[in-house]
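Remarks on the structure that follows.
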Amino acid sequence: MILGQGFHLLDSENARLCDEIHFPRSEEGTKAWAENQSAYSSNGDNVFMAIETLDGTLVGSISTNSCNLRCGNFKYGVSIFREHWRKGYASDAIKILLRYYFEE
């Protein structure tokens with residue numbers, strides 16, 4: 001379900017698949033959370049990024065965590081809004097992320 005300004009309500013089934021369940025929040029709360037998140041810079045190699053189409057439509061997010069420079073490994077998570085599933089956005093985002101982490 002889409003809220004104004006491109007913010008989305010959380011898809012509880014998708015959240016359960018990602019082991020990430022949040023309490024419902026208002027549209028104002030969602031906007032405040034997004035603005036707060038955008039103020040943070042990366043935490044070392046741990047990042048949280050939006051996934052957008054070429055025309056700027058928000059379709060999901062991808063993040064990295066548990067980055068270990070010494071061992072050369074990390075974890076990542078990706079979430080795509082249900083209406084954008086099966087269009088290649090997740091695989092494109094993962095390829096870009098892996099290319100950056102292993103080739104840059």
Side-chain angles (χ1 to χ4, degrees):
M1 178 175 235
I2 298 175
L3 293 173
Q5 305 298 318
F7 292 98
H8 294 257
L9 288 174
L10 293 174
D11 178 338
S12 62
E13 182 179 350
N14 189 40
R16 283 191 299 277
L17 292 172
C18 296
D19 292 330
E20 188 171 315
I21 306 279
H22 298 278
F23 289 104
R25 83 172 60 112
S26 66
E27 182 173 353
E28 294 79 24
T30 300
K31 288 179 183 179
W33 176 85
E35 289 172 6
N36 187 22
Q37 291 298 308
S38 69
Y40 293 121
S41 61
S42 65
N43 175 12
D45 288 325
N46 298 316
V47 296
F48 182 86
M49 298 175 282
I51 300 172
E52 296 180 334
T53 62
L54 294 176
D55 69 1
T57 301
L58 181 65
V59 298
S61 63
I62 190 166
S63 62
T64 59
N65 58 69
S66 302
C67 298
N68 186 321
L69 292 175
R70 182 174 178 196
C71 296
N73 57 23
F74 64 94
K75 297 177 185 177
Y76 70 88
V78 63
S79 179
I80 304 296
F81 301 134
R82 183 178 301 273
E83 63 269 23
H84 300 288
W85 283 9
R86 306 192 61 71
K87 296 179 182 176
Y89 297 121
S91 60
D92 285 350
I94 292 166
K95 288 174 189 172
I96 292 167
L97 182 78
L98 292 175
R99 186 179 318 124
Y100 177 77
Y101 272 76
F102 288 107
E103 295 180 9
E104 294 295 323

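- In terms of hydrophobic clustering, with Ile, Leu, Val, Met, Phe, Trp and Tyr side chains grouped at heavy-atom distances under 4.5 Å, L69 and Y101 are assigned to different clusters.
- Tracing side-chain contacts under 4.5 Å through hydrophobic residues (I, L, V, M, F, W, Y), one reaches Y89 starting from W85; they form part of the same cluster.
- You'll find the side chain of L97 stays beyond 4.5 Å of the side chain of V78, heavy atoms only.
- Listed by chain and number, the residues in a ring pair (Phe, Tyr, Trp, His ring centres under 6.0 Å) with Y100 amount to none (sequence neighbours excluded).
- Atoms SG and CG, from C67 and N73 in turn, are 8.5 Å apart once rounded to the nearest 0.5 Å.
- Minimum interatomic distance between F74 and L98 (heavy atoms only, all atoms of both residues): CZ-CD2, 3.9 Å.
- Using a 4.5 Å heavy-atom threshold, the side chains of F81 and T57 count as separate.
- In this view, Y76 satisfies the side chain to side chain donor-acceptor pair (under 3.5 Å) rule with no residue, not counting sequence neighbours.
- When atom types are taken as modelled, the side chain of T64 and the backbone of D45 share a donor-acceptor pair closer than 3.5 angstrom.
- Side-chain contact between N65 and F48 is absent, with no heavy-atom pair separated by less than 4.5 Å.
- Shortest non-hydrogen contact noted between S66 and N46 is N-OD1, 3.3 Å.
- The NE2 atom of H84 sits 7.5 Å away from the OG1 atom of T53 when rounded to the nearest 0.5 Å.
- Around the NZ atom of K75, the shell of radius 6.0 Å holds no more than 12 heavy atoms that belong to other residues, nucleotides or ligands.
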